[in-house]
Amino acid sequence: MTHVFFTYLTDEGNDSFFAEAKHRFSTEFVNKFSKYKRWQDAKSTILGRLLLAYGLQNLYQVDINNLKMSFSKDKKPFLENSSIQFNISHSNDVIVCAITSVGDIGVDVEKISDINIQDFKEQFSRSEYEAIISSSNVLEQFYRFWTQKEAIVKANGSGLHIPLNSFEIKDKYTFISDQQYYLNEINLDLDYKCHIATQNLIREEDLVVIGLKAQSLTDFGYVSNLKSFR
């Protein structure tokens, strides 16, 4: 199965939220989110880890007290000695965490906002760019392609080493080297675009999207030992 968990950012109870996060999480993770200048970025980072912890414990029967999390050479986090893969993304007020037991996964979410499409022309193939500018909704089509490409790069795990214009998306799939990646659009909110990219084709019946209230995640964090999360 593949699950996509999401929540919305709020500024309610920030003082107690951050104080509890500093108590519950590992020193390494506390140092990470404490570097952010904006509370929105820090809180989104914490909520992303809470979505992951909630999903692992409640739907994948993972003992979050004893899991071991490491990072690849390209700084992609992963669980040691586990086939479960995950990825986290956030944009503006939405935080998303995708978890699967069937191969690598990447997720990207972006709020649809006014931009100059021309500034990003070089990031797309000719056919992709033509599909964007000829669309009846140019912005929506731009963010559709953008989140697809970002999700693919994140699934691959090589980060900035893969230029977005080095691969082309056709019919919701693409290849990077010899590896094929499949895409699923995740409908969370009309103001956002979100896609997951996976190594294996995910059927709609095997994909579950779950929305959680930020307060429910906060309550979950209050009673959970999260020291293993980095």
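Being a predicted model, the structure only gives us computed values, none of them experimental.
Residue Tyr192 qualifies as enclosed at atom OH: its count of foreign heavy atoms under 6.0 Å is above 12. Counted within 6.0 Å of CG on Asp171, heavy atoms from surrounding residues, nucleotides or ligands total 12 or fewer; the atom is thus considered open. Within 6.0 Å of atom CD in Glu205, more than 12 heavy atoms from other residues, nucleotides or ligands are found, so the atom counts as buried in its surroundings. More than 12 heavy atoms of other shown residues, nucleotides or ligands fall within 6.0 angstrom of atom CG in Asn31.
The CD1 atom of Ile88 sits 11.5 Å away from the CZ atom of Phe5 when rounded to the nearest 0.5 Å. Rounding to the nearest 0.5 Å places CD of Glu128 at 9.5 Å from NZ of Lys170. From Leu212, atom CG reaches atom CD1 of Ile95 across 11.0 Å, with rounding to the nearest 0.5 Å. Put simply, OG1 on Thr218 and CD on Glu20 are 9.5 Å apart, with the number rounded to the nearest 0.5 Å. The structure places CD of Gln148 at 9.5 Å from CZ of Phe167, a figure rounded to the nearest 0.5 Å. Distance check, rounded to the nearest 0.5 Å: OG of Ser113 to CG of Asp191 gives 10.5 Å.
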Just do the side-chain contact (heavy atoms from CB on, under 4.5 Å) check on His3 and Tyr60 with the steps written out, would you? CA-CA 10 Å; His3 293 83; Tyr60 288 83; 2.8 Å; yes

Between Trp146 and Phe124, is a side-chain contact (heavy atoms from CB on, under 4.5 Å) present by the stated rule, with each step listed? CA-CA 9 Å; Trp146 188 265; Phe124 301 97; 3.8 Å; yes

List the steps and the verdict of side-chain contact (heavy atoms from CB on, under 4.5 Å) for Val109 and Thr147. CA-CA 6 Å; Val109 61; Thr147 54; 5.9 Å; no

Check the pair Ile196, Leu207 against side-chain contact (heavy atoms from CB on, under 4.5 Å), reporting the backbone distance first and the verdict last. CA-CA 10 Å; Ile196 61 168; Leu207 176 60; 3.9 Å; yes

Determine whether Arg126 and Glu130 satisfy the following criterion, salt bridge (Lys or Arg N to Asp or Glu O under 4.0 Å), listing intermediate values before the conclusion. CA-CA 6 Å; Arg126 181 176 178 178; Glu130 289 179 352; 3.2 Å; yes

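Using a 4.5 Å cut-off between side-chain heavy atoms of Ile, Leu, Val, Met, Phe, Trp and Tyr, with links allowed through other members, Ile133 and Leu164 fall into the same hydrophobic cluster. Under a hydrophobic-cluster definition in which Ile, Leu, Val, Met, Phe, Trp and Tyr are linked whenever side-chain heavy atoms come within less than 4.5 Å, directly or via other members, Phe6 and Leu47 are assigned to different clusters. Cluster annotation: Phe220 is connected to Val30 through the hydrophobic network of ILVMFWY side chains, with a link wherever side-chain heavy atoms come within less than 4.5 Å.
No side-chain heavy atom of Lys111 sits under 4.5 Å from any side-chain heavy atom of Asp189. A 4.5 Å side-chain heavy-atom check between Arg49 and Met69 finds at least one atom pair inside the cut-off. The shortest distance between side-chain heavy atoms of Leu52 and Ile99 falls below 4.5 Å. Residues Tyr143 and Ile115 form a side-chain contact, since some pair of their non-hydrogen atoms from C-beta on lies under 4.5 Å apart. Side-chain atoms of Ile210 and Leu59, non-hydrogen and from C-beta on, do get closer than 4.5 Å to each other. Under the 4.5 Å side-chain criterion, counting only non-hydrogen atoms from C-beta, Ser34 is in contact with Lys22. Inter-residue side-chain proximity for Asp93 and Gln40 is flagged as unmet; no heavy-atom pair is nearer than 4.5 Å. Taking the side chain as every heavy atom from C-beta outward, Thr10 and Lys43 approach each other to under 4.5 Å.
In this structure, Ile64 and Ser228 approach most closely via the heavy-atom pair O-OG, 2.8 Å. The shortest non-hydrogen separation linking Phe86 to Phe78 is CE2-CA, 4.0 Å. The heavy-atom pair separating Thr45 from His90 by the smallest distance is OG1-NE2, 4.3 Å. The heavy-atom pair separating Leu226 from Ala53 by the smallest distance is CD2-CB, 3.8 Å. Taking both residues in full, the closest heavy atoms of Lys154 and Val107 are given as NZ-O, 2.8 Å, listed atom of the first, atom of the second, then distance. Heavy-atom minimum distance, Val94 versus Tyr8: CG2-CE2, 3.5 Å.
Lys68 and Asn81 share no donor-acceptor pair across their side chains, judged by distance under 3.5 Å alone. Inspection of the Gln141 and Asn137 side chains reveals no N or O donor paired with an N or O acceptor under 3.5 Å. In summary, the side chains of Ser125 and Glu168 do present a donor paired with an acceptor at a separation below 3.5 Å, with no hydrogens or angles considered.
In this structure, the side chain of Ser177 does not engage the main chain of Gln179 through any donor-acceptor pair within 3.5 Å. In this structure, Lys76 contributes its side chain and Asn87 its backbone to no donor-acceptor pair below 3.5 Å.
Trp39 has its ring centre no less than 6.0 Å from the ring centre of Phe18.
Exactly one of Glu150, Glu185, Glu110 qualifies for a salt bridge (Lys or Arg N to Asp or Glu O under 4.0 Å) with Lys193. That residue is Glu185. For the pairing with Thr2, the side chain to side chain contact (heavy atoms under 4.5 Å, CB included) check across Val102, Asp206, Asn200 returns one residue only, Val102.
Looking at Glu140 and Arg144, a side-chain N of the basic residue comes within less than 4.0 Å of a carboxylate O on the acidic one, giving a salt bridge.
Relative orientation of the Phe25 and Phe29 rings is tilted, given thresholds of 30° and 60° on the angle between their planes. By the 30° and 60° cut-offs, the orientation of the rings of Tyr173 relative to Tyr182 is tilted.
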